[in-house]
Protein chains: 2
Amino acid sequence: MARKSSRSTSFDVAALAGVSQSVVSRAFTPGSRIADETRTKVLEAALKLNYVPNSIASSLTTKRTNIVALIIGNLDNPFYVHVLHTFSRRLQAQGRQVLIFTVEPNSESDEAIMHLLKYQVDGVVLTAAQLSTRMISLCHDRGIPIVLFNRYIPGSDASGVRCDNVAGGALIAEAFLAAGAQNFALITGDLKGTTSGDRVRGFVERLLDGGVKRSQIVEVHGHSSYEGAFNATIKLIRDKSRVRPDALFGVNDIMAMGAIDALRHRLGLRVPEDLMVGGFDDIPEGRRAPYQLTTVRQPIEQMVDETLSILHLDDPTEPIPRGIDRPIKGRLIWRSSIPVPPAYRGEADAAKNEDER
Amino acid sequence: MARKSSRSTSFDVAALAGVSQSVVSRAFTPGSRIADETRTKVLEAALKLNYVPNSIASSLTTKRTNIVALIIGNLDNPFYVHVLHTFSRRLQAQGRQVLIFTVEPNSESDEAIMHLLKYQVDGVVLTAAQLSTRMISLCHDRGIPIVLFNRYIPGSDASGVRCDNVAGGALIAEAFLAAGAQNFALITGDLKGTTSGDRVRGFVERLLDGGVKRSQIVEVHGHSSYEGAFNATIKLIRDKSRVRPDALFGVNDIMAMGAIDALRHRLGLRVPEDLMVGGFDDIPEGRRAPYQLTTVRQPIEQMVDETLSILHLDDPTEPIPRGIDRPIKGRLIWRSSIPVPPAYRGEADAAKNEDER
DNA sequence: CGCTCCTATGAATACGCATTCACCGTCATA
DNA sequence: TATGACGGTGAATGCGTATTCATAGGAGCG
């Protein structure tokens with residue numbers, strides 16, 4: 001059989017059902033004017049012919065593809081996998097699909113944008129990746145809304161949804177202070193994106209506010225990954241020129257996990273007894289028995305909701321939203337990678353119950 | 001500005017460049033008959049107008065969308081995330097994109113198929129999900145090639161690429177035997193797919209061949225996930241009615257990791273001293289310091305290559321490949337979750353070096 | 001110089017569907 | 001019975017591009 005064999009069209013169905021092609025179209029368009037009886041007749045004919053409407057063809061007239069592009073720069077961090085999964089589920093429930101564009105972490109996504117423009121996607125979500133403002137206006141000019149997820153470009157007219165990273169970083173600082181830490185370290189990746197930078201800033205500022213001296217805080221950079229944090233931690237602890245920290249903030253969970261494993265399996269230190277560790281994101285992996293990571297939970301579902309609402313997928317006549325910056329507060333989840341101060345015992349138990357469900 | 005504002009067409013470009021629309025089309029079609037000078041002129045005009053060819057419209061005539069659907073049933077297992085990532089990278093390099101369809105694990109993907117038919121995708125890859133044979137013929141009838149990744153339906157005319165799971169299971173059995181294990185346990189998820197079943201079969205058969213008695217092998221089922229294996233392991237070890245196994249095969253790496261953590265953090269056992277553990281997949285997570293998982297490596301790159309070559313994306317005139325079953329041998333990677341017998345020391349050191357690169 | 005051959009281009013058409021507009025029959029109303 | 005009003009249908013058109021076919025012009029040859 002030839003490859004492009006029998007793909008029946010609305011005309012074929014119309015012929016079989018004894019109606020016109022317009023009627024077939026209406027039979028598949030909810031809310032259009034057609035007699036129930038006729039619709040049934042058409043659907044039966046369609047079934048016989050294995051007819052499925054060609055959404056490519058209909059996009060041509062409706063100017064809607066029901067496709068949303070997701071540009072994603074880091075699938076090695078489980079957090080972004082969860083983000084992808086959440087978007088996919090939500091959009092599928094709306095009858096839309098995700099067209100995925102993977103880019104190298106920290107590389108510009110400009111090329112991806114050029115490609116997705118061809119596909120006439122209804123909207124774009126960009127996460128864990130960089131983007132030039134030129135590309136944003138290119139999308140806007142063409143009527144394609146774009147939302148940055150967990151990223152923002154201050155002063156640009158790009159819209160974004162993000163966790164309030166400054167406030168979140170402060171939460172970890174507070175947890176450390178409440179647990180009685182004295183010397184602080186933080187491990188972060190490159191600061192190209194605003195995400196890490198904000199967390200670092202919130203963390204450091206809160207510590208300084210709490211009376212900690214600058215000299216009590218060490219900042220280490222590594223590749224923004226489990227391995228990067230693993231190696232950076234080893235370097236940090238082996239550096240005998242400074243006092244060993246007793247609190248370590250991994251700027252995201254996957255890095256905190258790398259740090260914990262380095263501490264335990266390379267450096268022979270105990271967590272949290274010798275060193276308490278805090279993370280950020282609350283990925284399910286951080287809840288596992290070896291980590292029990294105290295962290296800031298990013299409310300993914302809510303952030304995805306916000307993102308979709310900004311995209312206005314349902315009514316394309318809305319003007320494209322510009323310059324929106326919607327920071328959403330995260331919540332501190334107490335587990336045992338930071339010793340739980342008495343005041344927070346109840347909260348920690350609640351989190352534990354929730355995890356075990 | 002209105003939403004669907006200024007999206008210029010090939011006619012606009014033609015007008016600006018002083019040529020006809022056909023010439024614009026040719027300017028963007030590699031290998032078509034057009035004078036270099038003219039092409040340059042057209043491209044300049046296109047640039048001025050921010051013109052990007054509308055691939056939706058061109059699909060209508062070419063009958064190619066350059067979109068490949070990927071149905072994926074389990075993003076919680078990092079293995080499938082790597083699979084997704086690999087497909088995405090490969091296809092993007094060819095100028096194609098992945099349209100993602102997430103389905104609930106172990107649910108039928110029939111609905112997803114109905115949706116992707118609308119999008120006129122050029123091909124379909126299905127992984128970690130179930131599918132009825134009816135849907136396969138539906139795709140085939142419409143000229144859409146579909147390949148099952150790590151899954152096959154014996155006797156059907158579906159094509160598939162998979163790791164040779166029977167042989168792989170046997171490799172773990174051999175490793176256990178070489179390490180001197182006496183009592184064996186295996187933890188597996190539901191056996192709906194062929195993947196787990198084959199691994200179990202290869203494992204058990206190889207043990208029996210090696211003189212192990214049936215009574216020395218315990219099989220435990222749990223949800224096919226980290227947590228499922230974690231809980232199943234606890235149940236297994238706490239069952240005092242039988243001797244404690246000294247070797248445990250997690251039917252995939254993520255389950256093996258769950259098992260290891262349960263052994264260490266709930267049951268107070270040491271790995272590999274009290275219990276050796278083997279996995280399957282060789283996900284990067286299993287290489288981490290706490291796990292050092294001895295496992296069977298699935299050659300993802302090669303499997304993806306095979307899959308793409310079966311899809312024949314480049315020449316749609318090829319007849320749709322039916323009934324292909326391409327098993328690919330995996331390779332045992334020695335790490336330290338199984339004590340390395342002297343004969344394999346060299347191999348293990350090599351793996352270690354490779355990991356640390 | 002006249003012819004053919006070939007290359008570069010333009011005009012026209014098809015792709016599959018949504019949508020507009022006109023039309024027809026029916027029913028309720030005056 | 002005549003008049004609208006309205007629900008349902010069909011014919012025709014447009015969406016943006018690829019492709020076919022015809023043509024103009026130039027190069028090469030005898």
Side-chain angles (χ1 to χ4, degrees), chain A residues 4-43 45-46 49-66 117-122 142-143 316-317, chain B residues 3-43 45-46 49-66 117-122 142-143 316:
Chain A
K4 289 300 159 196
S5 44
S6 55
R7 214 168 285 194
S8 44
T9 74
S10 55
F11 280 96
D12 301 330
V13 176
L16 181 58
V19 296
S20 74
Q21 178 267 334
S22 351
V23 171
V24 176
S25 173
R26 282 191 273 262
F28 283 93
T29 309
S32 62
R33 252 179 18 186
I34 182 175
D36 280 350
E37 194 188 359
T38 315
R39 166 169 278 146
T40 310
K41 196 170 56 181
V42 170
L43 293 183
L49 296 176
N50 278 331
Y51 170 78
V52 177
N54 180 335
S55 77
I56 293 296
S58 72
S59 307
L60 206 53
T61 59
T62 59
K63 307 213 168 302
R64 304 297 286 169
T65 52
N66 293 316
L117 285 180
K118 292 192 304 200
Y119 288 99
Q120 315 291 116
V121 298
D122 293 344
R142 300 176 66 79
T317 55
Chain B
R3 181 78 162 266
K4 289 300 159 195
S5 43
S6 54
R7 213 169 284 193
S8 45
T9 74
S10 54
F11 279 96
D12 301 330
V13 177
L16 182 60
V19 295
S20 73
Q21 178 267 334
S22 351
V23 171
V24 177
S25 173
R26 282 191 272 262
F28 283 93
T29 309
S32 60
R33 253 176 19 187
I34 183 175
D36 280 349
E37 193 187 0
T38 314
R39 164 168 278 144
T40 310
K41 195 170 56 180
V42 170
L43 294 182
L49 296 177
N50 278 330
Y51 169 78
V52 177
N54 180 335
S55 76
I56 293 297
S58 74
S59 306
L60 204 53
T61 60
T62 59
K63 308 212 168 301
R64 305 296 287 168
T65 51
N66 292 318
L117 286 180
K118 292 192 303 201
Y119 288 99
Q120 315 291 115
V121 298
D122 293 345
R142 300 175 65 80

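By convention in this document, chain letters (A, B, ...) are assigned in the order of the sequence lines, proteins followed by strands, and residues within each chain are numbered from 1.
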For B/Thr40, the side chain to side chain contact (heavy atoms under 4.5 Å, CB included) test, sequence neighbours excluded, returns B/Glu44

Using distance only, find each side-chain donor-acceptor pair of residues 30-39 of chain A under 3.5 Å and give its atom names and separation, not counting sequence neighbours.
| residue | atom | partner | partner atom | Å |
| --- | --- | --- | --- | --- |
| A/Ser32 | OG | A/Arg26 | O | 2.8 |
| A/Ser32 | OG | A/Thr29 | O | 2.8 |
| A/Arg39 | NE | A/Ala27 | O | 3.1 |
| A/Arg39 | NH2 | A/Arg26 | O | 3.2 |
| A/Arg39 | NH2 | A/Thr29 | O | 3.3 |

With a 4.0 Å cut-off (strictly under) to non-hydrogen atoms of chain B, the first and last hit nts on DNA chain C, 5' to 3', are C/dA8 to C/dG16

Is the phosphate of D/dA18 approached by B/Lys63 (side-chain N or O, under 4.0 Å from OP1 or OP2)?
no

Between the first and last five pairs of the helix from C/dC1-D/dG30 to C/dA30-D/dT1, the angle of the axes, rounded to 10 degrees
40°

Can you list the residues that meet the side chain to side chain contact (heavy atoms under 4.5 Å, CB included) rule with B/Leu60, with sequence neighbours excluded?
A/Ala57, A/Leu60

Atom-pair distance (CZ on B/Phe11; P on D/dT17), nearest Å
9 Å

Across all chains, not counting sequence neighbours, the side chain to side chain contact (heavy atoms under 4.5 Å, CB included) partners of B/Thr62 are B/Arg64

Minimum-distance pair of heavy atoms, taken over all atoms of B/Ser55 and B/Ser58:
O-OG, 3.2 Å

Shortest non-hydrogen contact from B/Ser59 to A/Ile56?
CB-CG2, 3.9 Å

From A/Leu117 CG over to B/Tyr51 OH, what is the distance, rounded to the nearest 0.5 angstrom?
12.0 Å

Rounded distance (Å) that lies between atom C1' of D/dT19 and atom CG of B/Leu60:
13 Å

Using atom names, set out every protein N or O paired with an N or O of nucleotides 7-11 of chain D below 3.5 Å, distance rounded to 0.1 Å.
| residue | atom | partner | partner atom | Å |
| --- | --- | --- | --- | --- |
| D/dG8 | N7 | A/Arg33 | NE | 3.4 |
| D/dG8 | N7 | A/Arg33 | NH2 | 2.9 |
| D/dG8 | O6 | A/Arg33 | NH2 | 3.2 |
| D/dT9 | OP1 | A/Thr38 | OG1 | 2.3 |
| D/dT9 | OP2 | A/Ala35 | N | 3.1 |
| D/dT9 | OP2 | A/Thr38 | OG1 | 3.4 |
| D/dG10 | OP2 | A/Ser20 | N | 2.9 |
| D/dG10 | OP2 | A/Ser20 | OG | 3.1 |
| D/dG10 | N7 | A/Arg26 | NH2 | 2.9 |
| D/dA11 | N7 | A/Ser22 | OG | 3.4 |
| D/dA11 | N6 | A/Ser22 | OG | 3.1 |

Go through the structure and list residues passing side chain to side chain donor-acceptor pair (under 3.5 Å) with A/Thr65, not counting sequence neighbours.
A/Asp122

Is any side-chain N or O of B/Thr9 closer than 4.0 Å to OP1 or OP2 of D/dG16?
no

Name all residues meeting the side chain to side chain contact (heavy atoms under 4.5 Å, CB included) criterion together with A/Thr9; count only those two or more places apart in sequence or in a different chain, and write none if there are none.
A/Phe11, A/Asp12

For B/Val42 and B/Phe28, which heavy atoms make the closest approach, and how far apart are they?
CG1-CE1, 4.5 Å

Nearest-Å distance, OH (A/Tyr119) to P (D/dT17)?
15 Å

So, does B/Arg7 use its side chain to make a donor-acceptor pair with the main chain of A/Arg142 at under 3.5 Å?
yes

Sugar-phosphate only, base, or nothing, as touched by B/Phe28 at under 4.0 Å among non-hydrogen atoms
nothing

Side chain of B/Ser10, backbone of B/Val24: donor and acceptor closer than 3.5 Å?
no

What residues in residues 50-58 of chain A put a non-hydrogen atom under 4.0 Å from any atom of DNA chain D?
none

